[in-house]
Amino acid sequence: MTVFKPDANFIFCRLPDNVQSAPKITKKLFVEHNMYIKDCFGKTQPDSDRYVRIASRTEAENYRLVEALIDVMD
């Protein structure tokens with residue numbers, strides 16, 4: 001996953017090419033882990049279905065999110 005330097009209270013990331021699309025990853029994350037992140041499908045950047053936006057949370061919540069993302073991207 002490519003993580004871009006944040007300018008606000010969220011992080012913009014590009015998913016690897018070898019995983020499912022952002023809409024599918026966000027749905028799996030919500031269904032399997034009850035966590036919501038925003039996919040950027042339909043936005044103006046090229047290959048917008050590869051990007052997600054993640055809100056900054058507490059250290060513990062961020063750790064749980066990273067573990068959940070690893071799980072759903074396998």
Residue pair Ala22 / Leu15: nearest heavy atoms and the distance that separates them: CA-CD1, 3.5 Å

Test item: Thr26 side-chain N/O and Ile37 main-chain N/O as donor-acceptor pair under 3.5 Å: no

Does Asn9 have any side chain to side chain donor-acceptor pair (under 3.5 Å) partners at least two apart in sequence or in another chain, and if so, which? none

What closest approach, in Å, do Met73 and Ile25 show between heavy atoms, and which atom pair accounts for it? CG-CD1, 3.8 Å

Rounded to the nearest 0.5 Å, how far does CG of Asn62 lie from OG of Ser56? 5.5 Å

Where Pro16 and Met1 come nearest, the two heavy atoms and their spacing: CG-N, 3.6 Å

By side-chain contact (heavy atoms from CB on, under 4.5 Å), which residues pair with Asp71, not counting sequence neighbours? Glu32, His33

For Ser48 and Gly42 the tightest heavy-atom approach is OG-N, 3.1 Å

If you draw a 6.0 Å radius around NZ in Lys28, do more than 12 non-hydrogen atoms from other residues or ligands fall strictly inside? yes

In Å and rounded to the nearest 0.5 Å, what is the NZ to CG distance from Lys24 to Asp49? 9.5 Å

Using 0.5 Å steps for rounding, measure from the NZ atom of Lys43 to the OH atom of Tyr51. 14.5 Å

Salt bridge present between Arg53 and Asp39 (N-O < 4.0 angstrom): no

Please determine whether residues Val19 and Val3 belong to a single hydrophobic cluster, defined as Ile, Leu, Val, Met, Phe, Trp and Tyr linked transitively by side-chain heavy-atom distances below 4.5 Å. yes

Tell me the salt bridge (Lys or Arg N to Asp or Glu O under 4.0 Å) pairs involving residues 58-69, sequence neighbours left out? Arg57-Glu61

Do you know the tightest heavy-atom contact between Ser21 and Arg50? CA-NH1, 3.4 Å

One should read off an interatomic distance between Thr2 OG1 and Phe12 CZ, to the nearest 0.5 angstrom, of 11.0 Å

Does atom CZ of Phe41 have more than 12 heavy-atom neighbours, drawn from other residues, nucleotides or ligands, at distances under 6.0 Å? no

Minimum heavy-atom distance Cys13-Ile54, with the two atoms named: SG-CD1, 4.0 Å

